[in-house]
Amino acid sequence: MKISISSARLPWVEALFWLALAGMYWLLPDHLTLLSQILIMGLFAVSLDMALGYAGILTVGHAAFFGMGAYAAGLWAKHAWNEPFSGLVVALLVCAVLGYLLSYLVVRGADLTRLMITIGVCMLLGELANRLAGITGGTDGLQGIEMAPVLGLFEFDLFGKTGFVYSLAMVLLVFLVARRMLGSPFGLALRGIHDSSKRMQAIGSPVAARLRMAYCFSAAIAGLAGALMAQSTQFVGIESLGINRSAEILIILVLGGAGRLYGGLLGAIVYMVVHDWFADMNPEYWMFWIGCFLIAVVMLGGGGLMGLLARIFKVEKAR
């Protein structure tokens, strides 16, 4: 049984976490662009956690939805309407429909089948984006995106101030919705399916339908994260659809702790900060040090960083 830190028992920890993120606006004003990317990648990891950590759907191609959301928001802003919130809605709808359609292929298979399907879809969409260079920009990326001011008042600036506040507000809102959903009977059913799908079928739970909805919601949140990235950077690179991005977000989730929701956010913070630090410290061999760091974290025990924190809190409470 998983050990988790309950937000109901420790509400001050949760509030302090979000207040600390908001406080970075004043504490680290020169790193707001990096902080925005950390928040967005954290939301992306939360979307993967919904599929993998809660529903137990093995996927290594989740960047397909992240990239589709980014391209949908970017193309919408470039050719239709550059108002930010409408772009988020478009990306969310596009990826929700795509995720639901693909769920009929993903859910019906076993783990290895799901693995191959998700990888294949990710590769197909990446090649499609490369072939349609006249629309997507190909390997040069989608450029020329100009976002309108948020609420007609706050322009996206070079220092990333508006992008950070906008990303923080959207990530917090979507995170609260996701937490509410996973704490509902639907979320409890997903946990039961993850633990034993046969038992859930025996009590009459529509296992396949619930897994399809979980995959659809997960895809929608991933697409929204991609849209946030496109809007805050005003650029969409073809690598947003790549297998490397899928592998990176999987590493972030495992590092933070799957099945704990806050694990994705914590993993994104630690991974991207350490990544940036090692890249500055040793530009030639930074991947070696990242590998050593990840191995060290795994050796500390299961459950990632959230599992480690849960064990520490449990020991302190026992004392």
Please walk me through it: do Tyr262 and Glu14 pass side-chain contact (heavy atoms from CB on, under 4.5 Å)? CA-CA 9 Å; Tyr262 268 100; Glu14 189 173 18; 2.6 Å; yes
Going through the checks in order, is the side-chain contact (heavy atoms from CB on, under 4.5 Å) test met by Thr113 and Val106? CA-CA 8 Å; Thr113 304; Val106 174; over 6 Å; no
Pair Glu155, Thr162 - check side-chain contact (heavy atoms from CB on, under 4.5 Å), show working. CA-CA 7 Å; Glu155 294 185 359; Thr162 299; 5.6 Å; no
Assess whether ring-ring contact (aromatic ring centres under 6.0 Å, His included) is satisfied between Phe293 and Tyr271, documenting all intermediate values. CA-CA 9 Å; Phe293 170 75; Tyr271 177 82; 8.3 Å; no
Could you check Arg210 against Met200 for side-chain contact (heavy atoms from CB on, under 4.5 Å), going step by step and ending with a plain yes or no? CA-CA 11 Å; Arg210 293 190 185 279; Met200 294 299 291; 5.8 Å; no
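Considering only heavy atoms from C-beta on, Leu261 comes within 4.5 Å of Tyr54 through its side chain. Within the 4.5 Å cutoff, side-chain heavy atoms of Leu132 are placed close to those of Leu128. Residues Ile238 and Thr136 have side chains not in contact (no heavy-atom distance under 4.5 Å, counting atoms from C-beta outward). Counting only heavy atoms from C-beta outward, the side chains of Thr233 and Gln37 approach each other to under 4.5 Å. Counting heavy atoms from C-beta on, the side chains of Phe65 and Ile221 never come closer than 4.5 Å. Looking only at side-chain heavy atoms (C-beta outward), Phe235 and Leu142 stay at 4.5 Å or farther from each other. Using a 4.5 Å heavy-atom threshold, the side chains of Ser240 and Met229 count as separate. Contact of the Ser218 side chain with the His62 side chain is registered, since non-hydrogen atoms from C-beta on lie closer than 4.5 Å.
Counting non-hydrogen atoms of other residues, nucleotides and ligands closer than 6.0 Å to CG of Leu158 gives a total of 12 or fewer. Heavy-atom contacts from other residues, nucleotides or ligands closer than 6.0 Å to NZ of Lys78 number more than 12. Enclosure of atom CD in Gln143 by more than 12 non-hydrogen atoms of other residues, nucleotides or ligands within 6.0 angstrom is indicated. Atom CG of Leu112 has 12 or fewer heavy atoms from other residues, nucleotides or ligands within 6.0 Å. Atom CH2 of Trp18 has more than 12 heavy atoms from other residues, nucleotides or ligands within 6.0 Å.
In terms of modelled atom types and a separation under 3.5 Å, the side chain of Asp49 and the main chain of Gly259 share a donor-acceptor contact. Ser167 places a side-chain N or O within donor-acceptor distance of the main-chain N or O of Gly163, the cut-off being under 3.5 Å.
Listed here is the closest heavy atom pair of Met68 and Leu241: N-CD2, 3.7 Å. The shortest non-hydrogen separation linking Leu255 to Gly267 is CD2-O, 3.8 Å. Between Leu125 and Ala64, the shortest heavy-atom contact is CD1-CB, 3.6 Å. A pairwise comparison of heavy atoms in Met147 and Ile145 identifies SD-CG2, 3.8 Å as the closest pair. Shown here for Ile38 and Ala268, the closest heavy-atom pair between the two residues is O-CB, 3.7 Å. Scanning all heavy atoms of the two residues, the minimum distance from Ala55 to Leu190 falls at CB-CD2, 4.2 Å.
In this structure, Phe217 is not a member of the same hydrophobic cluster as Leu188, with clusters built from ILVMFWY side-chain heavy atoms closer than 4.5 Å. Leu124 and Val60 fall into different hydrophobic clusters, where Ile, Leu, Val, Met, Phe, Trp and Tyr are joined by side-chain heavy atoms under 4.5 Å apart, directly or via other members. Under a hydrophobic-cluster definition in which Ile, Leu, Val, Met, Phe, Trp and Tyr are linked whenever side-chain heavy atoms come within less than 4.5 Å, directly or via other members, Leu16 and Met24 are assigned to different clusters. Under a hydrophobic clustering in which Ile, Leu, Val, Met, Phe, Trp and Tyr are joined whenever their side-chain heavy atoms come within less than 4.5 Å, directly or via other members, Met287 and Ile243 fall into the same cluster. Tracing side-chain contacts under 4.5 Å through hydrophobic residues (I, L, V, M, F, W, Y), one reaches Leu27 starting from Leu21; they form part of the same cluster.
For the atom pair CZ (Arg179) and OG (Ser184), the distance works out to 12.5 Å, reported to the nearest 0.5 Å. Atom OG of Ser196 sits about 9.0 Å away from atom CD of Gln201, to the nearest 0.5 Å. For the atom pair CZ of Arg260 and CG of Leu253, the computed distance is 10.5 Å after rounding to the nearest 0.5 Å. Of the inter-residue distances, the one linking Asn244 atom CG with Ile249 atom CD1 reads 13.0 Å to the nearest 0.5 angstrom. Separating the CG atom in Asn82 from the CD atom in Gln231 is a distance of 10.0 Å, to the nearest 0.5 Å. The distance from the CD1 atom of Ile57 to the CG atom of Leu211 is 5.0 Å, given to the nearest 0.5 Å.
A distance of 6.0 Å or more separates the ring centres of Phe164 and Phe159. Taking the six-membered ring for Trp and the full ring otherwise, the centers of His275 and Phe278 sit at least 6.0 Å from each other. Remark: aromatic rings of Tyr166 and Phe154 are distant, center separation not under 6.0 Å.
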Acceptor/donor pairs from residues 84-102 side chains to any protein atom, 3.5 angstrom cut, sequence neighbours excluded:
{"from": "Ser86", "atom 1": "OG", "to": "Trp76", "atom 2": "NE1", "distance (Å)": "3.1"}
{"from": "Ser86", "atom 1": "OG", "to": "Glu83", "atom 2": "O", "distance (Å)": "2.8"}
{"from": "Ser86", "atom 1": "OG", "to": "Glu83", "atom 2": "OE1", "distance (Å)": "3.4"}
{"from": "Tyr100", "atom 1": "OH", "to": "Tyr104", "atom 2": "OH", "distance (Å)": "3.0"}

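The aromatic rings of Phe66 and Phe44 sit parallel to each other, their planes meeting at less than 30°, with 60° as the upper class boundary.
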